[in-house]
Student: 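Structure below; questions to follow.
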Amino acid sequence: MPETPLGAFLRARRARLAPAEAGLPTAGRRRTPGLRREEVAARAGISVDYYARLEQGRQRVPTGPVLDGIADALQLTGPERAYLHRLAGHHRRAAPNPPPVEPPTVPATTLALLDTLDAAPAFVTGPTFDLLAWNRPAGLLMAWPERRPPHERNLLWQVFCCPQGDRSQGNLAATGSIGADLVASLRAHHADRPGDRVLSTLVRRMSADSPAFAALWDHHRAGPPGPGRLHIRHPALDTDVLDYTVLPLPEEGRHVFAFLAPPGSRARDAFAAAHAGR
């Protein structure tokens with residue numbers, strides 16, 4: 001049978017959970033680095049055959065308690081647990097080809113918020129991390145997105161494909177990196193829109209352009225973006241790390257990313273100068 005998103009997710013998470021992390025003995029030879037199917041089934045309180053059918057796509061309607069047991073067995077986070085339920089159909093899915101959910105403009109109040117951050121790069125992203133608006137410090141940080149072709153006005157492209165982002169391995173670590181957070185958020189968004197051709201095309205293009213993106217996509221992690229650190233190599237800045245925070249907006253899937261340069265740094269002065277138009 002063809003691979004299902006639910007089966008792919010279960011296999012990926014099972015393979016990445018070490019026996020020691022699950023409190024299982026590690027002695028003896030194991031053919032795979034993660035848990036065996038029978039170990040997950042035992043921890044979830046279901047039969048091995050039932051669990052195998054889920055991974056193989058032959059069991060299509062698992063119940064909520066079964067999914068919760070599997071989530072416990074695989075030590076999923078809260079967002080990953082919700083993602084598992086959505087993959088199993090326990091969540092309202094969008095139409096196969098949903099219309100755009102974003103209004104064409106960013107509200108004036110949000111634009112005003114960006115402009116108040118005179119020494120902090122800040123920008124608004126949509127559900128697939130297209131850059132919808134940004135202040136002048138963010139323009140400096142991202143080499144002026146308004147001058148770039150449309151596909152480059154995207155935070156995923158900035159992190160995984162732009163020379164200032166993809167050469168910094170700290171952005172691409174499997175956990176705790178901005179790259180891992182963005183991919184996890186995109187995968188959670190993808191679960192609600194399995195028939196969205198635009199979203200699927202973005203995933204295919206990013207996977208082809210960036211092996212690091214493809215590897216993180218195969219990890220099958222899911223969850224919202226959160227605060228972290230951006231590692232950069234920028235000729236106009238004297239720092240290679242910027243802390244950032246993420247603020248959700250009322251519009252579905254939209255966030256504000258705001259970055260903070262160290263106090264007294266040349267980077268802080270450069271951002272302030274960009275805000276002033278110098």
Student: Quick check: do Y51 and E39 have side-chain heavy atoms less than 4.5 Å from each other?
Tutor: no
Student: Which heavy atom in A122 sits nearest to a heavy atom in L117, and how many Å separate them?
Tutor: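 Closest approach of A122 to L117: CB-CD1, 3.6 Å.
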Student: When rounded to the nearest 0.5 angstrom, what distance separates CG in L155 from CG in D130?
Tutor: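 Going from the CG atom of L155 to the CG atom of D130 covers 10.0 Å.
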Student: Does the pair E146/R153 count as a salt bridge with the N-to-O cut at 4.0 Å?
Tutor: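 R153 and E146: not salt-bridged.
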Student: Less than 4.5 Å apart, any side-chain heavy atom of P121 and any of W134?
Tutor: no
Student: Kindly indicate whether the side chain of P224, heavy atoms from C-beta on, has any atom under 4.5 Å from the side chain of S185.
Tutor: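 With C-beta onward as the side chain, the pair stays apart.
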Student: Could you measure the distance from the OG atom of S210 to the CH2 atom of W217? Nearest 0.5 Å is fine.
Tutor: 13.0 Å
Student: Is L186 reachable from L131 through a run of hydrophobic residues whose side-chain heavy atoms are each under 4.5 Å from the next?
Tutor: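 Yes: a chain of side-chain contacts under 4.5 Å links L131 to L186.
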Student: Would you give the length of the straight line joining atom CG of L237 to atom CG of L141, rounded to the nearest 0.5 angstrom?
Tutor: 7.0 Å
Student: Taking M206 as the starting point, is it possible to reach V198 by hopping between hydrophobic residues whose side chains are less than 4.5 Å apart?
Tutor: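 Different hydrophobic clusters.
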Student: Does some side-chain heavy atom of F9 sit less than 4.5 Å from a side-chain heavy atom of Y83?
Tutor: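 Yes, at least one pair of side-chain atoms sits under 4.5 Å.
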Student: To the nearest 0.5 Å, tell me how far E80 CD sits from H85 NE2.
Tutor: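 Result: 12.5 Å between the selected atoms.
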Student: So, for H220 and D218, which heavy atoms are closest and what is the spacing to 0.1 Å?
Tutor: CD2-O, 3.0 Å
Student: Mind checking whether P62 and L54 have side chains closer than 4.5 Å, heavy atoms only?
Tutor: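 Yes, their side chains come closer than 4.5 Å.
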Student: Keeping the roles fixed (side chain from R254, backbone from P127), state whether a donor-acceptor pair exists under 3.5 Å.
Tutor: no
Student: Decide whether W157 and V124 are clustered together by the hydrophobic rule: side chain heavy atoms of Ile, Leu, Val, Met, Phe, Trp, Tyr closer than 4.5 Å, transitively.
Tutor: no
Student: With a 3.5 Å cut-off and no angle check, do the side chains of D115 and N135 form a donor-acceptor pair?
Tutor: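 No - no donor-acceptor pair under 3.5 Å links their side chains.
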Student: Looking at every non-hydrogen atom in both residues, tell me the closest pair between G179 and V159 and how far apart they are.
Tutor: CA-CG1, 4.2 Å
Student: Can you find a heavy atom in the side chain of T4 that is under 4.5 Å from one in the side chain of Q56?
Tutor: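 Side-chain contact under 4.5 Å: no.
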Student: Check the pair Y244 / R229 against side chain to side chain donor-acceptor pair (under 3.5 Å), numbers first and verdict last.
Tutor: CA-CA 6 Å; Y244 67 88; R229 284 190 161 187; over 6 Å; no
Student: Hydrophobic clusters here meaning ILVMFWY residues chained together by side-chain heavy-atom distances under 4.5 Å, can you tell me if V246 and L242 are in one?
Tutor: yes
Student: Shortest non-hydrogen contact from L111 to A133?
Tutor: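 That would be CD2-CB, 3.6 Å.
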Student: Return yes if some donor-acceptor pair links the side-chain N/O of E21 with the main-chain N/O of A18 below 3.5 Å, else return no.
Tutor: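 A pair under 3.5 Å: yes.
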Student: Under a plain distance cut-off of 3.5 Å, with no hydrogens placed, do R204 and T201 share a side-chain donor-acceptor pair?
Tutor: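 There is such a pair (donor and acceptor under 3.5 Å, judged by atom type) between the side chains of T201 and R204.
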Student: Give a yes or no answer on whether the side chain of R86 reaches the backbone of A188 with a donor-acceptor pair at less than 3.5 Å.
Tutor: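 Between the backbone of A188 and the side chain of R86 there is a qualifying donor-acceptor contact (under 3.5 Å).
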Student: Measure across S200 and H190 and return the closest heavy-atom pair with its distance rounded to 0.1 Å.
Tutor: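 That would be OG-NE2, 3.7 Å.
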Student: With rounding to the nearest 0.5 angstrom, report the CG to CD distance, L35 to E38.
Tutor: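 The CD atom of E38 is 10.0 Å from CG of L35, to the nearest 0.5 Å.
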Student: With a 4.5 Å cut-off on side-chain heavy atoms, are N171 and F160 touching?
Tutor: no
Student: For S207 and V203, indicate whether the former's side chain and the latter's backbone hold a donor-acceptor pair under 3.5 Å.
Tutor: yes
Student: Just by modelled atom types, is the L74 backbone N or O under 3.5 Å from a matching donor or acceptor in the R13 side chain?
Tutor: no
Student: Which atoms form the tightest heavy-atom contact between A267 and A261, and what is the distance?
Tutor: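 Scanning both residues, the minimum pair turns out to be CB-CB, 3.9 Å.
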Student: Start with the C-alpha distance between E152 and C161, add both sets of side-chain angles, then the distance that settles side-chain contact (heavy atoms from CB on, under 4.5 Å), and finish with yes or no.
Tutor: CA-CA 9 Å; E152 295 184 7; C161 301; over 6 Å; no
Student: Rounded to the nearest 0.5 Å, what's the gap from CE on M142 to CZ on R148? Could you check?
Tutor: 9.5 Å
Student: Run the side-chain contact (heavy atoms from CB on, under 4.5 Å) check on F257 and F129 step by step: do they pass?
Tutor: CA-CA 11 Å; F257 284 74; F129 297 107; 4.1 Å; yes
Student: Could you check whether D68 pairs with R81 (Lys NZ or Arg NE/NH1/NH2 to Asp/Glu carboxylate O, under 4.0 Å)?
Tutor: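 Judged by the 4.0 Å cut-off on N to carboxylate O distance, D68 and R81 do form a salt bridge.
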Student: Taking the six-membered ring for Trp, is the centroid-to-centroid distance between F123 and F259 below 6.0 Å?
Tutor: yes
Student: Check the hydrophobic clustering (I, L, V, M, F, W, Y; side-chain heavy atoms under 4.5 Å; chains of links allowed) and say if V241 and L230 are grouped together.
Tutor: no
Student: Would you please test L10 and L84 for side-chain contact (heavy atoms from CB on, under 4.5 Å) and show each step?
Tutor: CA-CA 9 Å; L10 293 175; L84 174 65; 3.9 Å; yes
Student: Could you please spell out the steps behind the side-chain contact (heavy atoms from CB on, under 4.5 Å) verdict for R221 and R187?
Tutor: CA-CA 7 Å; R221 295 189 181 277; R187 184 169 275 286; over 6 Å; no
Student: R268 versus F271: any side-chain heavy-atom pair under 4.5 Å?
Tutor: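 No, every pair of side-chain atoms sits at 4.5 Å or beyond.
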Student: Let me know which of T128, T125, D209, L182 forms a side-chain contact (heavy atoms from CB on, under 4.5 Å) with L156.
Tutor: L182
